[in-house]
Amino acid sequence: MNIRTILVEKAIAAMTAAGLPEDTNPAVTQSTRPQFGDYQINGAMGAAKKMKSNPRELAQKIIDQLDVSYIAEKTEIAGPGFINIHLKPEFLAQSVQAANNHAKLAVNEHAKPQKVVVDYSSPNLAKEMHVGHLRSTIIGDAVVRALEFRGDTVVRQNHMGDWGTQFGMLIAHLEDQINQGVDLDTVALADLETFYRDAKKRFDDEEGFADKARNYVVKLQSGDAHCEKLWKLFIATSVKHSEEVYKRLNVTLTPADIMAESAYNSELNDIISLLKDKNIAVESQGAQVVFLDELANKDGEPSAFIVQKSGGGFLYATTDLAACDYRSNKLGAERILIFVDARQSLHFNQVELTARKAGLLRDETSYEFCPFGTMMGADGKPFKTRTGGTVKLADLLEESITRAAAKLAERESDLSDEDRSEIARKVGIGAVKYADLSKHRTSDYIFNWDSMLSFEGATAPYLQYAYTRVRSIFRKSGVDAASLKADVSIIEPQEKTLALKLLQLEEVLDLMINEATPHVLCGYLYELASLYMTFYEACPVLKEGVEPSVRDSRLVLCNLVADTLRTGLDLLGIEVMEQM
């Protein structure tokens with residue numbers, strides 16, 4: 001059910017019949033105030049400007065051709081040419097009833113499903129995941145879930161950093177640890193940060209170690225069996241760390257989704273040869289460089305995009321170009337979404353321009369760089385520990401669960417310790433995720449424990465609690481929500497407002513998918529929960545004296561609210577609980 005899509009189709013048909021230009025945008029929007037109806041068709045103004053005619057007269061011509069009688073009880077012209085659409089309560093009631101009986105709450109699958117490659121999380125395997133990986137991981141995962149919910153085929157790509165100079169240093173250090181008889185699982189790689197720091201100190205200070213590390217890089221890239229064995233041992237342990245974080249974070253990435261930098265190693269020479277053959281890359285100071293006039297600076301100097309070092313080494317640029325070829329030409333993706341820090345914007349602009357010139361991206365493939373802002377501390381600077389160090393993501397999640405448990409301990413409950421522990425996990429993880437996802441993807445935001453763990457306002461705990469409150473109604477009523485098949489009637493204004501919001505889930509998901517912005521779903525769920533509270537106070541459900549037919553109709557609304565909250569939160573990767 002997508003009311004806006006229905007109105008867009010009807011508006012286009014009416015505009016065509018009224019003689020408006022074919023490219024006229026119907027400009028259908030949700031109304032911001034009840035007195036303006038439920039939706040508005042605003043295309044008459046734009047068309048009137050092109051046609052040099054009166055917008056109100058044009059709006060009347062559109063209304064004369066507009067066939068919406070089965071869903072609208074009234075259409076009217078307002079202001080300079082707005083067309084207000086007031087939906088029929090009967091239509092809303094029937095639609096709510098259908099949604100309540102639909103596995104996906106009346107959200108249809110795309111008429112033309114696409115294959116979408118989504119590149120997200122992508123940690124550097126030389127170190128443990130830190131808070132800087134949070135946004136890419138959870139924003140990407142929410143978009144992936146929504147794409148699949150709408151029927152698209154999604155190929156997850158965890159472009160992990162597992163190649164390059166630093167790994168020569170790490171495997172040289174690992175070799176020495178093995179020779180000293182260290183138990184790798186419990187000591188050497190138990191803390192990747194310490195392991196990396198120790199290796200880096202040796203690289204900087206220990207005579208001969210840096211040369212050995214550089215030599216191991218060359219050997220590794222040349223396929224040396226000994227170095228490759230050490231490298232695989234390190235990578236396997238590091239991946240295991242990442243998998244533990246993904247599980248704790250309730251993210252859908254699995255080892256099968258890893259398509260690391262090293263996966264493209266055998267393709268890189270061919271990429272450089274292709275760029276040189278097409279005169280896209282030229283030699284400059286010994287390196288292979290693509291000069292992009294499209295990204296020239298204010299002085300007209302083209303942007304220099306280095307694709308191969310003077311010594312023959314490859315860079316992120318080369319690997320990302322190989323990834324374009326794999327995703328577009330080999331997987332046949334129609335969309336590629338990449339969730340990376342906003343500071344990488346220039347790099348990915350350079351990648352796309354170069355890949356298009358070289359045919360590494362097909363014209364049919366949309367290449368969408370989806371940048372995100374930074375998680376900031378209270379001081380307005382990137383989030384750090386009190387000592388200024390990097391905050392491990394695993395530690396952040398553990399602290400959130402601990403703080404959630406303390407919050408829950410303040411509330412009266414007859415739940416068992418085991419249940420309370422499980423609820424604390426869901427609340428703690430949900431709080432971190434919602435606080436991040438509810439901000440616009442491109443915005444920086446201030447990390448604040450108190451606000452994110454609050455049971456008031458736009459937070460995960462508030463929404464999780466709202467869900468449990470709705471479910472408690474069914475426990476009190478003794479009605480089985482799964483078998484509830486009552487007729488729905490929309491009488492009170494609060495019922496209509498709630499029903500309309502429930503039927504806008506597909507519109508919200510489409511906006512989220514098209515723009516890769518989970519915050520619109522976060523906002524929708526908060527609005528829905530707030531409208532439910534207003535409905536519940538104005539429209540008694542279980543109160544004595546309420547007619548059974550009215551009670552059951554309102555129970556259908558309650559059930560659909562609960563299912564929508566649960567489904568929406570699940571699409572955000574946030575778990576709910578039946579009691580709190």
(request) Apply the test salt bridge (Lys or Arg N to Asp or Glu O under 4.0 Å) to residues R566 and D570: give CA-CA distance (whole Å), side-chain angles for both, the deciding distance (0.1 Å), then the verdict. (result) CA-CA 6 Å; R566 187 191 68 244; D570 182 64; over 6 Å; no

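- Put simply, the side chain of Q579 does not reach to within 4.5 Å of the side chain of D419, judged on heavy atoms.
- The one candidate from E418, E575, E398 that meets the salt bridge (Lys or Arg N to Asp or Glu O under 4.0 Å) condition with R425 is E575.
- Salt bridge status for R471 with D563: present, with a side-chain N to carboxylate O gap under 4.0 Å.
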(request) List the steps and the verdict of side chain to side chain contact (heavy atoms under 4.5 Å, CB included) for M452 and Y434. (result) CA-CA 8 Å; M452 72 171 56; Y434 188 90; over 6 Å; no

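- In this structure, the side chains of C324 and I336 stay at 4.5 Å or more apart for every pair of heavy atoms.
- For E506 and R4, the salt-bridge test fails: no basic side-chain N is under 4.0 Å from an acidic carboxylate O.
- Using a distance-only test at 3.5 Å, with no hydrogens or angles considered, no donor-acceptor pair links the side chain of K115 to the main chain of V155.
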(request) Kindly indicate, with the supporting measurements, whether the criterion side chain to side chain contact (heavy atoms under 4.5 Å, CB included) is fulfilled by F149 and I513. (result) CA-CA 10 Å; F149 192 74; I513 287 168; over 6 Å; no

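- The closest donor-acceptor contact from the side chain of K426 to the backbone of V576 lies under 3.5 Å.
- Taking OH of Y367 as the start and CZ of R327 as the end, the distance is 7.0 Å to the nearest 0.5 Å.
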(message) Quick one, F535 with V561, criterion side chain to side chain contact (heavy atoms under 4.5 Å, CB included). Give me CA distance, side-chain angles, the key distance, then yes/no.
(response) CA-CA 11 Å; F535 153 82; V561 167; over 6 Å; no

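- The CZ atom of R135 lies 8.0 Å from the CG atom of L437; values are rounded to the nearest 0.5 Å.
- Of the possible polar contacts, none joining the K433 side chain to the I574 backbone as a donor-acceptor pair under 3.5 Å is found.
- No side-chain heavy atom of V427 sits under 4.5 Å from any side-chain heavy atom of K407.
- Using bins of under 30°, 30° to 60° and over 60° for the plane-to-plane angle, the ring pair Y264/Y326 lands in the perpendicular bin.
- A side-chain donor-acceptor contact under 3.5 Å links N25 to the backbone of A27.
- Here the side chain of K127 pairs no donor or acceptor atom with the backbone of Y196 at under 3.5 angstrom.
- Side chain of T564 to backbone of L560: a donor-acceptor contact under 3.5 angstrom is found.
- The backbone N or O of T497 sits nowhere less than 3.5 Å from a side-chain atom of K501 that would complete a donor-acceptor pair.
- Of the inter-residue distances, the one linking R356 atom CZ with T365 atom OG1 reads 6.5 Å to the nearest 0.5 angstrom.
- No more than 12 heavy atoms of other residues, nucleotides or ligands sit less than 6.0 Å from atom CD of Q285.
- Looking at R248, its side chain never comes within 3.5 Å of a backbone N or O of A394 through a donor-acceptor pair.
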(request) For side chain to side chain donor-acceptor pair (under 3.5 Å), just list the numbers for N158 and Y246, CA-CA rounded to whole Å, side-chain angles, deciding distance to a tenth of an Å, and then say yes or no. (result) CA-CA 12 Å; N158 195 348; Y246 292 146; 3.0 Å; yes

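- Heavy-atom minimum distance, M577 versus Y467: O-CD2, 3.4 Å.
- One distance of note links CZ of F383 with OG1 of T374; it measures 13.0 Å at 0.5 Å rounding.
- Taking the charged nitrogens against the carboxylate oxygens, R343 and D341 do have a contact shorter than 4.0 Å, which makes a salt bridge.
- Counting all heavy atoms, side chain and backbone alike, D510 lies closest to N2 at OD2-ND2, 3.4 Å.
- Across all non-hydrogen atoms, the minimal contact from S31 to F36 is OG-O, 3.1 Å.
- In this structure, K357 contributes its side chain and I280 its backbone to no donor-acceptor pair below 3.5 Å.
- No more than 12 heavy atoms of other residues, nucleotides or ligands lie within 6.0 Å of CG in D417, so this atom counts as exposed by the packing criterion.
- Q177 contributes atom CD, which lies 11.0 Å from atom CG of L170 (distance to the nearest 0.5 angstrom).
- The side-chain heavy atoms of Q504 and I3, taken from C-beta on, include no pair separated by under 4.5 Å.
- For the pair I271/V307, no side-chain contact is recorded, criterion being any heavy-atom separation below 4.5 Å from C-beta on.
- Note: H130 and H133 have tilted aromatic rings, judged against thresholds of 30 and 60 degrees for the angle between ring planes.
- Between K381 and D379, the closest heavy-atom pair is N-OD1, 3.0 Å.
- Salt bridge annotation for R202-D198: absent, with no cationic side-chain nitrogen under 4.0 angstrom from a carboxylate oxygen.
- For the side-chain contact (heavy atoms from CB on, under 4.5 Å) criterion with T354, the lone passing option out of N349, D320, L292 is L292.
- A donor-acceptor pair under 3.5 Å is formed between the side chain of T459 and the backbone N or O of S454.
- The number of heavy-atom neighbours closer than 6.0 Å to CD1 of I306, taken from other residues, nucleotides and ligands shown, is 12 or below.
- In this structure, R411 satisfies the cation-pi test against F455, with its NZ or CZ atom closer than 6.0 Å to the six-membered ring centre and inside 45 degrees of the ring normal.
- Between the CD atom in E261 and the OH atom in Y316 there is a gap of 5.5 Å [rounded to 0.5 Å].
- Summarising the geometry of D162 relative to F167, their closest heavy-atom pair is C-CE1, 3.2 Å, with the distance given to 0.1 Å.
- Using cut-offs of 30° and 60° on the angle between ring planes, the pair F305 and H347 is perpendicular.
- Between H519 and H440, the angle of the ring planes lies from 30° to 60°, which puts this pair in the tilted group.
- Between the side chains of S438 and Y526, no donor-acceptor pair is found at a separation under 3.5 Å.
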(message) Does F314 form a side chain to side chain contact (heavy atoms under 4.5 Å, CB included) with Q308? I'd like the steps, not just the answer.
(response) CA-CA 5 Å; F314 301 115; Q308 188 176 31; 3.5 Å; yes

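- Of all the heavy atoms in D257 and T252, the pair that sits closest is OD2-O, 3.8 Å.
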